[in-house]
Amino acid sequence: MEQKHTISVLVENHAGVLSRVAGLFSRRGFNIDSLAVGETRNSEVSRITIVVNGDDYTVEQVSKQLNKLVDVIKIKVLDDNEFVGRELLLLKVKATAKQRAEIIQLVDIFRANIVDVSKETVTVEVSADQDKINALTGLLEPFGILETVRTGLVAIQRGSDCVE
Amino acid sequence: MIMSGAQAVVTILEKHGTDVIFGYPGTAISPFYDKLLESSIKHVLVRYEQGAVHAASGYAKTTDKVGVCVATSGPGATNLITGIATAYMDSVPIVAITGQVLTSQLGKDVFQEADITGATAPFCKHNYLVKDVSNLPRIVNEAFILASTGRPGPVLIDIPMDVLKAEVDYLDDFVFDIPGYQYEFEIDKEAINKACKAINKAKKPLIIAGGGIISSGSKEILHKISKEFSIPVTYTLMAKGCLDDTYDLNLGMLGSHGTLVANKAVSQCDVLLVAGGRVGDRSMSNSSGAYLKKTVIHIDIDPAELGKNISVDIGLHGDAKDILMAIYSQLEKINRDKWFENKKTVEALDSNFKVSKGCVDPKDVLTCIASLSDDDAIYTTEVGQNQIWAANLIELLTSNKFVTSGGMGTMGYGLPASVGCKIGNQDKQVIVIEGDGSLQMSLQELGTIMQEDLDIKIVLFNNSSLGMVRELQTLKYDKRYSGVCLTKNPDFIKLFSSYGFAGSRLTNKENIEEQVKKMLSYKGTYLLECVVDKDNPTIYR
Ligand SMILES: Cc1ncc(C[n+]2csc(CCOP(=O)(O)OP(=O)(O)O)c2C)c(N)n1
């Protein structure tokens, strides 16, 4: 059965690692839903969080093939519900002076922030899971969304377990 | 000790026991070639860079060493790609070294710049672009370990010319430390117990031997398991020579071009032990359903292969030899009813194809060569009908070696590979099975053979066509022959004689034995051109 899987990958922070990882996905026909990368506390190690779409066979192959990359140190397929996942959305929406208050109200309900305001626009920042981000986007749609910028999911396991 | 990057590379190659490298020079790699002059390492100048990788591959497959090849930046490096991909598919340990433009020029499309690490990433076990000379010694050392351990494969090191020239303080203190790479594996005892239980209970057990049997040195233990526990064996193309072909429990090659008895056994067995093979689509496929309704046990050093191509009940990750030894010690001697047919020497011989006048049958030639060649002769093949005939008709002993491009099926592999085989095994007979199409893909390597004064026996099946593809068009495209006719071929014997090689043409069954003897006893490279019918098939129905 096709579904989304979140994989946390620790890699050596070498040049070319990201292209190796991304290349592996396209080459083997795996679909990346999103990918986010950043340094860990150890500057020699980066973490890539990848969301893939696929059945159990695909996920098993993805993690086994990733494991074969020499730069890959560790891989963990995160159990659904066992992790906290967040995406960051920056959204620029049309807003006349009159509409601003209404938008601010919505933003407050979602515990989002307003990070920029101009005569005709408001820029909203929200860090949340996908559902919440989609909901907020839906509510702002009628005002006229000009641009959205979204990161891939980053995820951390709940409780004391770590991927280190 | 302070030395140049180039000198450090040479020093480390020597340390790893490299005595020969195959290559082709150019500007970017020149600092390395300069240092090579003072080294004990022999350089074999091939005639085309692809040939350097294939030669290194033939060398690696017939010695216990890593094959090393070298090329310059840009076109030199890109000419390596097919060779690297070929080695990758067949898990051959190779270190490829390429020169690169100056670090300061990288990414600017300067003369002879090519992103070779980007281009070869899909076909390399790992690759490096070395931007800092202080990392160079570590990287070259790592490359040898990566290439030769675990599942072997090609590793490429791309070195800008300024890095080759820069000075480095070389210390012989390398410690392998890549946190994400392990090459010693613990055996999963529980899984072994489970596997042995399944085999002990089996009424119709069968072993499929893959290329891993050869590369892990498991021929002997495979034979012991088969013989002592009466388990028949079939092999993939990459494992030809894993058992004597005359051994009565050896059912021959499996797959689309394999023996009937082997394929029948695969579908009838109840427990299938796949040892050291990935079971590619040419051998057996999930979709064929052949794996259904049986217990499949799969041994592989690459965990990603377990469950990738065929569904597996018990996966055993690790070195095939270690695992087979562990299995051996737990098997029970059981009297099983014989459930399989033995290989009729060569069922292909039963074909009713009529050979035309002026032609010989490759099958007669190959059986004759197999019976007259040395017990430790090394065979290489090209790709096509010649390869299938060779795989099916040359009866090998475990002391023989069979070198062929399996996973990639690269035409033009056999001739340059034979150069590596011969240079690594000067005292052994090296015999190349050629097709007229494939020969002309690597023809230039005759120059290498000439310059190196090698003694290689070349058996050419000249059917004036790209036989394998033609056969496909016969069977699947209603005999609509498109692009498969080599209507005008050179006079190969004359061509060979211009390189100083002897040769003769075989057009009559009566002369086969005499001509084969003549070839085998000749001192020096010899072409035996066998004129073959275009319609002589590999598949019999
Ligand atoms: C580099 C490359 N190009 C194309 C092919 C496709 N191909 C497979 S077999 C074959 C024909 C080989 O002809 P020849 O070498 O004359 O051998 P024969 O089949 O006649 O024995 C071709 C074109 C290939 N395997 N490799």
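Small disclaimer: the values here were computed from a predicted structure and weren't measured. A, B, ... follow the sequence lines: proteins, then strands. Residue 1 opens every chain.
- When the shell of 6.0 Å around CD of A/Q3 is examined, it contains more than 12 heavy atoms from other residues, nucleotides or ligands.
- Atom OH of B/Y128 and atom NE2 of A/H14 lie 8.5 Å apart (nearest 0.5 Å).
- The candidate from B/A304, B/G150, B/P179, B/G180 with the greatest count of non-hydrogen atom pairs under 4.5 Å with chain A is B/A304.
- Note that CG of A/D71 is 4.5 Å distant from NE2 of B/H126, once rounded to the nearest 0.5 Å.
- If you tally non-hydrogen atom pairs under 4.5 Å between each of A/R20, A/E60, A/K68 and chain B, the highest count goes to A/R20.
- Atom CD1 of A/I156 is surrounded by 12 or fewer heavy atoms from other residues, nucleotides or ligands within 6.0 Å.
- Counting only distance, with no hydrogens or angles, the side chain of B/K125 and the backbone of A/V70 share no donor-acceptor pair below 3.5 Å.
- Heavy atoms of B/N127 lying under 4.5 Å from chain A belong to its backbone as well as its side chain.
- Under a cut-off of 6.0 angstrom, the local environment of NZ in B/K131 is sparse, with at most 12 non-hydrogen atoms contributed by other residues, nucleotides or ligands.
- Taking non-hydrogen atoms and a 4.5 Å limit, the residue list of residues 87-108 of chain A in contact with chain B is empty.
- Both the backbone and the side chain of B/L306 come within contact range of chain A, with heavy atoms under 4.5 Å apart.
- Annotation for B/K194: atom NZ does not count as buried by contact number, only 12 or fewer foreign heavy atoms lying within 6.0 Å.
- Residue B/P122 comes nearest to A/R27 through the heavy atom pair CB-CD, 3.2 Å, listed as atom of the first residue, atom of the second, then distance.
- Separating the CD1 atom in B/I178 from the CD1 atom in A/I73 is a distance of 10.5 Å, to the nearest 0.5 Å.
- Of the possible polar contacts, one joining the A/Y57 side chain to the B/K308 backbone as a donor-acceptor pair under 3.5 Å is found.
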